[in-house]
Amino acid sequence: MARDEIVWGILGTAKINDKVVVPMHSAPKCRVKGIASRSGEKAREAAARYGLTVAYDSYEGLLADPEIDAVYIPLPNHIHVEWTIKAVEAGKHVLCEKPIGLDAQQVERLIAARDRNGRYIQEAFMVRTHPQWLKVRTLIDEGVIGELRAVTGGFTYNNTNAHDIRNQSELGGGGLLDIGCYPITTSRFITRSEPRRVVALMEQDPIFKVDRLGSVLMDFDGMQASFFYSTQTHGYQRMQFHGTKGRVEVEIPFNAPNDRPTRLLVSENTSAGVGSERWVELPTCDQYGIAAATFAEAILSGSPQAIPLEDARANMRVIDAVFRSARSGAWATIMES
Ligand SMILES: NC(=O)c1ccc[n+]([C@@H]2O[C@H](COP(=O)([O-])OP(=O)(O)OC[C@H]3O[C@@H](n4cnc5c(N)ncnc54)[C@H](OP(=O)(O)O)[C@@H]3O)[C@@H](O)[C@H]2O)c1
């Protein structure tokens, strides 16, 4: 009999679960059975909080449960690859948080593990299936802003908590891997193309030894994209797409709210800064629920997934080049891993 739902398990009692688990549980064709922690007590507390039936006192225990079809991995970045590979080797599909690895070479290992085990693996860039981003793509494809020439963006927050995984270099912390990856994936998604080279400036926190401020310029064919990110600046996020006839601005591009509509500002036919501006509203939705449902649907129907690992590898190649450029002070070409 054909399966009609994916049973999920969660590895680790991460903070992000507060946004993901309930929407995932109520997403079409999805049910979250349980959550695992390195501590049985934390697992039980989290299972009770999210209304899940099972608490596993080890990650291995969850992976050994034959009823679990798919695993959501919100672990610190440095162990994404290790646990993704363990999960697919246990026969599970995996939705793993971004960045799915620390560099493109690590994503190669995931591609090999996927091919060996015949399971789906996806990087949890939930923005990529949010309707507001699909709408930006449609507007630009339809030529509403003419020919796309430049992308500008920013993503910042202020977090100086020494215990946060983002401020620990040995756990894969730092701003580029945490938030700089978003303007990169959305620029690539919207343009359906890859940058040829990048140049970047990066500043390290002197105590945490992770990057806390960066500015990046990406050279796409006939188009330029630039963005800044910071983990020690006021909270801000915005993406703008500038064409020959107008502009699309995404008001809340990454942490899209689930309690009100999201909005795009579309400016058309501007002449010397004067033009018509209108807001395009997208109905209220939950991007984490949509990401889970889309992934489950791909598994159940055997159809292509929204973000294949080859896309994750391409994103990581850009990130690798940004780090190289920041170190050398020169342009860095995007290299095959
Ligand atoms: N897509 C998004 O919107 C979004 C938003 C925020 C974060 N994220 C991503 O989600 C992941 C988790 O972020 P978070 O801030 O939620 O993390 P967090 O609260 O620090 O949780 C990470 C969890 O990993 C487990 N863990 C295993 N080994 C660990 C170690 N050596 N040190 C610390 N924790 C360890 C812990 O669970 P147990 O103790 O229960 O085993 C811990 O609760 C990151 O990859 C981040 O980039 C994505």
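Remember, it's 1-based here, ligands and their atoms both numbered in the order they're listed. Starting from 1, each residue takes its place in the sequence as its number.
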Under a plain distance cut-off of 3.5 Å, with no hydrogens placed, do [Y] and [X] share a side-chain donor-acceptor pair?
| X | Y | answer |
| --- | --- | --- |
| D205 | Q232 | yes |
| E268 | S276 | no |
| N255 | Q237 | yes |
| N315 | R188 | yes |

For [atom], the protein heavy atom that lies nearest, with its residue and separation:
| atom | answer |
| --- | --- |
| atom 41 (O) of ligand 1 | Y59 OH, 2.4 Å |
| atom 37 (O) of ligand 1 | T13 N, 3.3 Å |
| atom 5 (C) of ligand 1 | I16 CD1, 3.1 Å |
| atom 2 (C) of ligand 1 | Y182 OH, 3.4 Å |
| atom 20 (O) of ligand 1 | I165 CG2, 3.5 Å |
| atom 38 (P) of ligand 1 | S37 OG, 3.3 Å |
| atom 48 (C) of ligand 1 | E97 OE1, 3.1 Å |
| atom 33 (C) of ligand 1 | P76 CG, 3.7 Å |

Taking only heavy atoms of [X] into account, list the atoms of ligand 1 that are under 4.0 Å away from them.
| X | value |
| --- | --- |
| M126 | 1 (N), 2 (C), 3 (O) |
| H80 | 45 (O) |
| D178 | 47 (O) |
| G12 | 37 (O), 40 (O) |
| R166 | 6 (C), 7 (C), 13 (O), 14 (P), 15 (O) |
| K42 | 38 (P), 39 (O), 40 (O) |

[X]/[Y] ion pair, N-O < 4.0 Å:
| X | Y | value |
| --- | --- | --- |
| K33 | D65 | yes |
| E336 | R313 | no |
| D57 | R44 | no |
| K245 | E142 | no |
| E5 | K29 | no |
| R49 | D18 | yes |
| E281 | R263 | no |

Do R137 and F189 meet the cation-pi criteria used here (NZ or CZ under 6.0 Å from the six-membered ring centre, within 45° of the axis)?
->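 Ring-cation test returns yes.
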
Mind checking whether Y157 and Y236 have ring centres under 6.0 Å apart?
->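 Between Y157 and Y236, the centre distance exceeds or equals 6.0 Å.
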
Kindly state whether the ring of F254 and the ring of F155 have centres lying under 6.0 angstrom apart.
->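 Between F254 and F155, the centre distance is under 6.0 Å.
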
For ligand 1, note which part of [X] has a heavy atom under 4.0 Å away: side chain, backbone, both or neither.
| X | result |
| --- | --- |
| R38 | both |
| Y288 | side chain |
| L177 | neither |

Does ligand 1 have an atom that lies less than 4.0 angstrom from a heavy atom of [X]?
| X | result |
| --- | --- |
| Q168 | no |
| P74 | yes |
| F254 | no |
| I79 | yes |
| Y72 | no |

Would you say N255 and ligand 1 have an N/O pair spaced under 3.5 Å apart?
->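 Among all N and O atoms of N255, none is under 3.5 Å from an N or O of ligand 1.
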
Quick one: does N77 get an N or O within less than 3.5 Å of an N or O on ligand 1?
->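 There is such a contact, yes.
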
Please work out which of K19, K15, K98 has its closest non-hydrogen atom nearest to atom 47 (O) of ligand 1.
->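 The option holding the nearest heavy atom is K98.
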
I would like to know whether T185 and R128 meet side-chain hydrogen bond (donor to acceptor under 3.5 Å, both in side chains); could you show each step before the answer?
-> CA-CA 8 Å; T185 195; R128 296 269 304 256; 2.8 Å; yes

